[in-house]
Q: 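Just passing along the structure, written as structure tokens.
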Amino acid sequence: MKPTTAPTIPIIATAAAEPSRAIFFDLSSMAKIQPLSSSPCSTSSSGVQQGRHAYTVWMKSLVFNGNGCAVYGPDGAVAFRVDNYGCRGGREVLFMDRAGNALIRIRRKGFGMFRRWEVSRCAQDGGQDKEATPWFSVRRAEKGGAAVVMHGGAGTCYTMDGCSRKPEYRIRDVDGTVVAEVARKQTAAGVVLGEDVLTLTVGTEVGHLLVLGLVVVRGLMNGSM
């Protein structure tokens with residue numbers, strides 16, 4: 001993951017003491033990774049089919065002393081990011097696009113066995129002060145997994161495998177079909193990278209933004225962000 005210089009991009013990060021406020025930064029450079037292969041993703045043993053989209057997820061903030069993650073697109077450039085200046089697993093984080101517009105707001109609510117993560121979609125213009133639209137919630141489930149309930153839905157719509165620190169896991173729909181999976185990234189030479197550098201493979205039958213939101217929630221649940 002050798003960094004290269006990229007255009008200046010404004011970003012937003014939630015503050016630890018005042019999570020409802022935004023702090024604006026202007027970075028002179030952004031990290032970039034080796035572009036992913038342009039060919040369709042091959043079928044894996046878990047049933048992931050061809051034609052799926054692959055992202056690289058680095059479970060590190062690109063801002064000094066920050067907690068968060070960076071999501072890279074197939075071109076190797078930063079596509080999405082989270083920068084949280086509170087402690088790991090902060091009560092509120094924003095998932096942003098590369099221009100610094102907030103797309104998803106994630107809030108931790110409740111305590112103990114009643115703890116859940118409420119996810120809302122932000123205004124299309126990225127406005128921080130506008131009321132976000134409730135989207136879905138995530139709770140811990142049996143065997144260390146997680147259950148996802150869409151706002152206004154009748155029940156669980158998606159599930160995630162165990163939410164331990166193990167980097168490999170899958171996201172399934174209500175029928176048990178794998179719609180996305182995360183695994184440690186391998187280089188073209190077959191070298192497996194660290195546990196904080198992941199490949200996220202997403203199918204066309206599920207919204208990519210929803211899956212990316214779930215990946216961030218899982219990072220908050222297991223304390224890796």
Side-chain angles (χ1 to χ4, degrees), residues 1-14 22-42 48 50-85 93-106 119 121-128 167 171 179-204 206-220 224-225:
M1 299 184 61
K2 184 178 180 180
T4 58
T5 303
T8 300
I9 301 176
I11 66 169
I12 308 172
T14 54
I23 303 174
F24 290 84
F25 291 87
D26 190 20
L27 299 183
S28 60
S29 64
M30 296 286 284
K32 191 171 183 178
I33 63 170
Q34 181 179 356
L36 297 170
S37 173
S38 59
S39 60
C41 301
S42 60
V48 176
Q50 291 186 349
R52 298 200 166 193
H53 192 92
Y55 297 93
T56 295
V57 182
W58 189 23
M59 301 302 291
K60 296 286 186 182
S61 170
L62 296 181
V63 179
F64 183 68
N65 282 341
N67 296 312
C69 68
V71 181
Y72 298 82
D75 61 352
V78 174
F80 307 97
R81 62 186 292 132
V82 172
D83 289 296
N84 179 29
Y85 288 86
V93 299
L94 297 176
F95 181 80
M96 303 166 287
D97 63 17
R98 63 188 303 167
N101 298 312
L103 304 177
I104 302 174
R105 174 174 291 160
I106 302 171
V119 182
R121 298 196 68 163
C122 299
Q124 291 186 351
D125 59 1
Q128 301 294 308
I171 299 173
V179 297
E181 65 178 327
V182 174
R184 291 175 63 178
K185 184 170 182 176
Q186 297 186 29
T187 66
V191 178
V192 180
L193 302 180
E195 293 189 355
D196 60 348
V197 185
L198 311 170
T199 295
L200 166 64
T201 309
V202 188
T204 57
V206 62
H208 291 198
L209 190 59
L210 184 148
V211 171
L212 290 166
L214 290 178
V215 170
V216 173
V217 171
R218 189 181 187 276
L220 295 171
S224 60
M225 288 177 52

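In what follows, every heavy atom counts, from backbone to side chain, and hydrogens, waters and symmetry copies are set aside.
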Q: Please tabulate, for the side chains in residues 208-217, all donor-acceptor contacts under 3.5 angstrom to protein atoms that are two or more places apart in sequence or on a different chain.
A:
unit_1	atom_1	unit_2	atom_2	d
H208	ND1	Y55	OH	3.0
H208	NE2	G203	O	3.4

Q: Please find the pair of heavy atoms, one from A54 and one from P74, that lie closest to each other, and give the distance.
A: O-CG, 3.9 Å

Q: Between the main-chain N or O of A70 and the side-chain N or O of R81, is there a donor-acceptor pair closer than 3.5 Å?
A: no

Q: Looking at every heavy atom in both C122 and A102, which two are closest together, and how far apart are they?
A: CB-O, 3.2 Å

Q: Ignoring hydrogens, what is the shortest heavy-atom contact between Y72 and L62? Give both atom names and the distance.
A: OH-CD2, 3.8 Å

Q: Does S224 reach the main-chain N or O of G219 with its side chain, forming a donor-acceptor pair under 3.5 Å?
A: yes

Q: What closest approach, in Å, do I104 and I106 show between heavy atoms, and which atom pair accounts for it?
A: CG2-CG1, 3.9 Å

Q: Working to the nearest 0.5 angstrom, can you tell me the gap between F80 CZ and M96 CE?
A: 11.5 Å

Q: Can you give me the closest heavy-atom contact between V192 and Q186, atom names plus distance?
A: CG2-CG, 3.8 Å

Q: Nearest 0.5 Å, please: how far is NE2 in H53 from CG in L200?
A: 9.0 Å

Q: At what distance, to the nearest 0.5 angstrom, does CZ of R184 lie from CG of L198?
A: 9.0 Å

Q: If every non-hydrogen atom of P167 is compared with every non-hydrogen atom of V182, which pair is closest and at what distance?
A: O-CG1, 3.6 Å

